[in-house]
Amino acid sequence: MLYELSTNGYTVGMYPTEAAARHNVAYMPSGCYTIREWTKDGEYLMFDPSTNKQYDLKK
């Protein structure tokens, strides 16, 4: 699993754990951020809203 940190539709970074993504939000400017859990399927990353988690955070 990989965790994508994004804001306003732009990817800020990809992290190996959800905790690492949340930790990096603390260093970002104020705003709304989204953390999405991506599953690796061979060479591809997949996001399925029915099985993968998505968190919306406000700072």
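Bear in mind the structure is a predicted one, so any value in this text is a computation, not a measurement.
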pair Ile35-Glu4: side-chain heavy atoms closer than 4.5 Å: no

What verdict does the side chain to side chain contact (heavy atoms under 4.5 Å, CB included) test give for Thr7 and Met28, after you've listed the backbone C-alpha separation in whole Å, the side-chain angles of each residue and the deciding distance to 0.1 Å? CA-CA 10 Å; Thr7 184; Met28 302 291 176; over 6 Å; no

Side-chain (Ser6) to main-chain (Gly9) donor-acceptor, under 3.5 angstrom: no

Atom pair OH (Tyr33) and CG (Asn24), whose distance is rounded to the nearest 0.5 Å: 10.5 Å

Nearest 0.5 Å, please: how far is SG in Cys32 from CG in Asp56? 8.0 Å

Check the pair Thr11 / Leu5 against side chain to side chain contact (heavy atoms under 4.5 Å, CB included), numbers first and verdict last. CA-CA 6 Å; Thr11 300; Leu5 177 61; over 6 Å; no

Partner residues of Asp41 under the side-chain contact (heavy atoms from CB on, under 4.5 Å) criterion, sequence neighbours left out: Met46

Atom NZ of Lys53 with >12 non-hydrogen neighbours under 6.0 angstrom: no

Are Leu2 and Tyr15 side-chain neighbours, meaning at least one heavy-atom pair lies under 4.5 Å? no

Would you please name every residue forming a side-chain contact (heavy atoms from CB on, under 4.5 Å) with Glu18, sequence neighbours left out? Tyr3, Arg22, Tyr55

Those residues that, when tested against Asp48, pass side-chain contact (heavy atoms from CB on, under 4.5 Å) (two or more places apart): Ser50, Thr51, Asn52

Check: Ala26 main-chain N/O paired with Lys59 side-chain donor or acceptor under 3.5 Å: yes

To the nearest 0.5 Å, tell me how far Glu37 CD sits from Phe47 CZ. 8.5 Å

